[in-house]
Amino acid sequence: MDSFSMHNSMTTFFPADTATKPIAIAIHGGAGTIRRSAMTPEAETQYRAILTQALEAGHTVLKRGGNSMDAVSAAVMIMEDSPLFNAGKGAVLTADSTVELDAAIMEGKTLKAGTIAGVRGIKNPILLARRVMEHSEHVMLTGKGAERFAAEQGFARMPDEYFITERRAQELTRAKQQDATKPLSPDETPATKPSKNDSLGKNKRSSLYDGNAPLNEWSHEGKKFGTVGAVALDKNGDIAAATSTGGMTNKKYGRVGDAPIIGAGTYANNATCAVSATGHGEYFIRSVVAYDIAALVEYKGMTLQEAADAVVMKKLVERGGSGGIIALDKKGNIAMPFNSEGMYRGCITTDGKIIVEIFRNEKK
Ligand code: ASP
């Protein structure tokens with residue numbers, strides 16, 4: 001039953017005003033070298049199915065009058081539980097063959113946030129990030145401390161085997177092999193020019209994870225994709241953002257990406273917008289991507305799309321940072337720019353239209 005007929009029949013399961021107040025949600029499942037030619041129809045179908053499921057999970061929360069924090073959590077959890085994405089189960093492996101998870105959630109109404117980094121054994125990192133926000137006096141907890149907090153809060157600890165998939169183990173082996181191989185040719189710039197290599201980024205070495213490296217030592221494209229995120233607007237006009245990831249394949253030394261850094265990979269403020277990012281984290285951290293978009297909206301009066309494009313399609317490209325973002329504002333405007341070859345993404349707009357896309361230039 002849709003919310004209109006529910007409203008009319010007076011069986012108000014949803015609060016009566018839900019039908020008239022705009023609600024919207026957008027999600028991503030990672031950006032990178034995602035090419036139609038490199039993906040089987042079966043895989044494509046699976047990705048589209050989970051993206052749709054995640055969107056619907058979040059949208060159902062909103063339709064029922066739930067808040068944007070619950071909506072983004074619900075959407076992200078679906079993708080964390082799917083081995084297809086680089087978050088929760090199926091997250092990428094570190095150089096030590098472990099799974100170390102980063103996640104963040106932020107509430108646009110209060111500017112409260114909770115984030116975790118380098119955490120092992122937690123099935124749904126987004127729930128732990130939210131617990132940090134709601135039940136600790138801190139914003140960000142890392143590693144062992146975050147795990148101790150999780151235990152105190154009654155989170156079950158999952159064995160490594162739960163997270164590790166064959167596909168990610170193979171990716172790690174390949175990434176390690178590439179570490180020792182030849183450098184990129186100088187013309188292989190990252191965001192501006194698609195890789196000449198295949199989707200595994202062959203011939204690229206992974207000095208890769210040095211976000212300060214010259215542009216030709218690029219790595220994110222083809223090395224990984226699948227970070228997940230969601231932004232949502234609820235019937236009260238409140239927005240929220242959430243991001244969850246395993247980071248980047250073969251990451252070392254307790255590396256933390258942009259996802260759990262408030263303002264870099266995740267940000268939400270009712271006054272401006274909610275943003276969740278995916279891409280080569282080092283670049284996103286240094287460009288403070290999510291907050292930069294919000295600042296352009298706030299201080300320059302740009303529309304959400306203008307601000308998102310200015311940062312993702314121009315500034316980041318010039319700096320060599322590959323990836324994309326999803327963003328939404330209080331009116332339910334949605335922007336999903338990416339400068340990589342593809343980005344798993346989708347949204348349900350204020351008029352209820354569902355969009356699920358993977359590649360660049362998808363037929364509308
Ligand atoms: N942004 C994530 C990180 O750098 C990875 C990704 O989105 O692909 O940790």
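Being a predicted model, the structure only gives us computed values, none of them experimental. Heavy atoms only: backbone and side chains are in, while hydrogens, waters and symmetry mates are out.
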Looking at Glu282 and Arg255, is any side-chain nitrogen of the basic one under 4.0 Å from a carboxylate oxygen of the acidic one?
yes
Beyond-backbone contact of Pro125 with Ile116, side-chain heavy atoms, under 4.5 angstrom:
yes
Electrostatic pair Lys314:Asp309 at N-O distance under 4.0 angstrom:
no
Verify the distance criterion only: is there a donor paired with an acceptor across the side chains of Thr110 and Glu107 at less than 3.5 Å?
yes
Is it the case that Arg131 and Ser136 place a side-chain donor and acceptor less than 3.5 Å from each other?
no
Would you call Arg64-Asp234 a salt bridge at under 4.0 Å N-O?
no
Decide yes or no for Ile25 and Val231: does some side-chain heavy atom of the first lie under 4.5 Å from some side-chain heavy atom of the second?
no
pair Ile261-Thr115: side-chain heavy atoms closer than 4.5 Å
no
Thinking salt bridges, do Glu100 and Arg120 make one under a 4.0 Å N-O criterion?
no
Pair Asp238-Asn67, side-chain donor/acceptor within less than 3.5 Å
no
Taking the side chain as every heavy atom from C-beta outward, state whether Ile325 and Phe338 have any pair of such atoms under 4.5 Å apart.
no
Ile27 side chain near Met79 side chain, heavy-atom distance below 4.5 Å
yes
If we ignore hydrogens and angles and just use 3.5 Å, is the side chain of Lys123 paired with the main-chain N or O of Asp81 as donor and acceptor?
no
Answer yes or no: are there more than 12 heavy-atom neighbours, outside Arg157 itself, under 6.0 Å from its atom CZ?
yes
Examine Arg286 relative to Tyr283 and say whether NZ or CZ is less than 6.0 Å from the centre of the six-membered ring and inside a 45° cone about the ring axis.
yes
No-hydrogen, no-angle side-chain donor-acceptor test under 3.5 Å, Thr94 and Asp96:
no
Does a side-chain N-to-carboxylate-O contact under 4.0 Å join Glu42 and Arg48?
no
Would you call the rings of Phe85 and Tyr344 parallel, tilted or perpendicular if under 30° counts as parallel and over 60° as perpendicular?
perpendicular
Under the side-chain contact (heavy atoms from CB on, under 4.5 Å) criterion, do Met343 and Glu357 qualify, and how do the steps go?
CA-CA 8 Å; Met343 181 168 85; Glu357 294 179 336; over 6 Å; no
